[in-house]
Amino acid sequence: MSFDISAATPAPYSRVPPFSAIAADDLPLYEFLYCSTLADGQSPSVIAQILARARPHNAAHEITGLLVFDGQHFCQHLEGPHAPLEALMARIADDPRHTSVCIAHEGPLAQRRYQRFDMGYAEAEGAAQIGALFTLRDEAALAHFLGLRPGFDVHGG
Ligand SMILES: Cc1cc2nc3c(=O)[nH]c(=O)nc-3n(C[C@H](O)[C@H](O)[C@H](O)COP(=O)(O)O)c2cc1C
């Protein structure tokens, strides 16, 4: 199966601030699943910098999840208290190291899917695994990603 990522036209990420007005303790768990494309001029080695920053920050804010990279595209599943997670998602969407940030799924979460307060990392093989997320939405996107998850060789998380 192949996916023409260049033909997909994801809606740009946009939110209405301020989310910081909401107290984290009052909010249940929330999750985001997004995909994006490595920005022009960025080396794939940027992943090391991202993880070095992400892991302590996520641990401090009780954000868990998994970041997958295929050398050209990112896909990240994030879960945690709603307000800090919204704030993080907004920062990630603004990060110039990637483009075409596209939310495939978001919503309330009854129970964490990832246990450690860290950010797991895995490398996807080929563009098709992540590529499908540029076209799938909501439950279909989530089901696709969760179906891939057991096959990933996850470091940390
Ligand atoms: C694909 C990708 C995934 C990222 N994931 C995280 C993450 O899980 N946690 C995090 O703190 N920063 C993550 N970042 C980095 C943030 O975009 C941002 O640079 C970082 O939170 C520092 O923000 P600050 O300089 O405003 O404090 C990610 C960046 C990219 C490009």
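Counting from 1, the numbers follow the sequence of the chain as shown.
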statement: dist His82:NE2 -> Leu85:CG (nearest 0.5 Å) comes out at 7.0 Å
query: Can you name the nearest heavy-atom pair linking Pro56 to Ala52, along with the distance?
result: CD-O, 3.1 Å
statement: The ring pair (Phe, Tyr, Trp, His ring centres under 6.0 Å) partners of Phe69 (sequence neighbours excluded) come to Phe74
- request: Indicate, with yes or no, if Leu78 and Tyr30 share a hydrophobic cluster defined by side-chain heavy-atom contacts under 4.5 Å among Ile, Leu, Val, Met, Phe, Trp and Tyr.
  value: yes
Distance-minimising heavy-atom pair for Ala104 and Ala141: CB-CB, 3.6 Å
field: ring pair (Phe, Tyr, Trp, His ring centres under 6.0 Å) involving His105 - partner list, sequence neighbours excluded
entry: none
- prompt: For the atom pair NE2 (His155) and CG (Leu66), what is the distance rounded to the nearest 0.5 Å?
  reply: 10.5 Å
field: Residue list, side chain to side chain contact (heavy atoms under 4.5 Å, CB included) with Glu62, at least two apart or on another chain
entry: Pro81, Arg112, Phe117
query: CG/Leu133 to CD1/Ile103 distance, rounded to the nearest 0.5 angstrom?
result: 11.5 Å
message: Applying a strict under-4.5 Å side-chain criterion to I, L, V, M, F, W and Y, I'd like to know whether Ile63 and Ile92 cluster together.
response: yes
message: Taking the side chain as everything from C-beta on, heavy atoms only, tell me whether Leu88 gets closer than 4.5 Å to His57.
response: yes
query: So do Glu106 and Tyr34 actually touch side chain to side chain, heavy atoms under 4.5 Å?
result: no
message: Is any side-chain heavy atom of Asp70 closer than 4.5 Å to one of Gln129?
response: no
message: Measuring only between side-chain heavy atoms, which start at C-beta, is Met119 closer than 4.5 Å to Gln76?
response: yes
field: Flag side-chain contact, heavy atom, 4.5 Å: Cys75 against Leu33
entry: yes
message: How close do Phe134 and Ser100 get, counting heavy atoms only, and between which atoms?
response: CE2-O, 4.1 Å
statement: Sequence neighbours excluded, the answer for salt bridge (charged side-chain N to carboxylate O under 4.0 Å, His left out) partners of Glu79 is none
query: Does Cys102 reach the side chain of Arg137, with side-chain heavy atoms less than 4.5 Å apart?
result: yes
query: So Tyr114 and His77, would you call those rings parallel, tilted or perpendicular, with 30° and 60° as cut-offs?
result: perpendicular
- prompt: Looking at CD of Glu123 and CD1 of Ile130, how far apart are the two atoms once the value is rounded to the nearest 0.5 Å?
  reply: 10.0 Å
- line: CZ of Arg113 to CD of Glu31, rounded to nearest 0.5 Å, is 4.0 Å
message: Test of understanding: clusters of I, L, V, M, F, W, Y form through side-chain heavy atoms closer than 4.5 Å, transitively. Do Phe32 and Ile50 belong to the same one?
response: yes
message: Quick check on the hydrophobic clustering: are Leu136 and Leu146 connected, directly or via other members, by side-chain heavy-atom contacts under 4.5 Å?
response: no
message: Taking the side chain as everything from C-beta on, heavy atoms only, tell me whether Val101 gets closer than 4.5 Å to Met89.
response: yes
query: Would you find more than 12 non-hydrogen atoms of other residues, nucleotides or ligands less than 6.0 Å from Gln72 atom CD?
result: yes
statement: salt bridge (charged side-chain N to carboxylate O under 4.0 Å, His left out) filter on Arg53, not counting sequence neighbours, yields none
- request: Return the set of residues passing salt bridge (charged side-chain N to carboxylate O under 4.0 Å, His left out) with Asp95 (not counting sequence neighbours), or none when no residue passes.
  value: Arg97
task: Using a 4.5 Å cut-off on heavy atoms from C-beta on, say whether the side chain of Leu29 contacts that of Gln111.
output: no
query: When you measure from the side chain of His73 to the backbone N and O of Val68, does any donor-acceptor pair fall under 3.5 Å?
result: no
message: Among Val154, Asp153, Ile47, which residue satisfies the side-chain contact (heavy atoms from CB on, under 4.5 Å) criterion with Tyr121?
response: Ile47
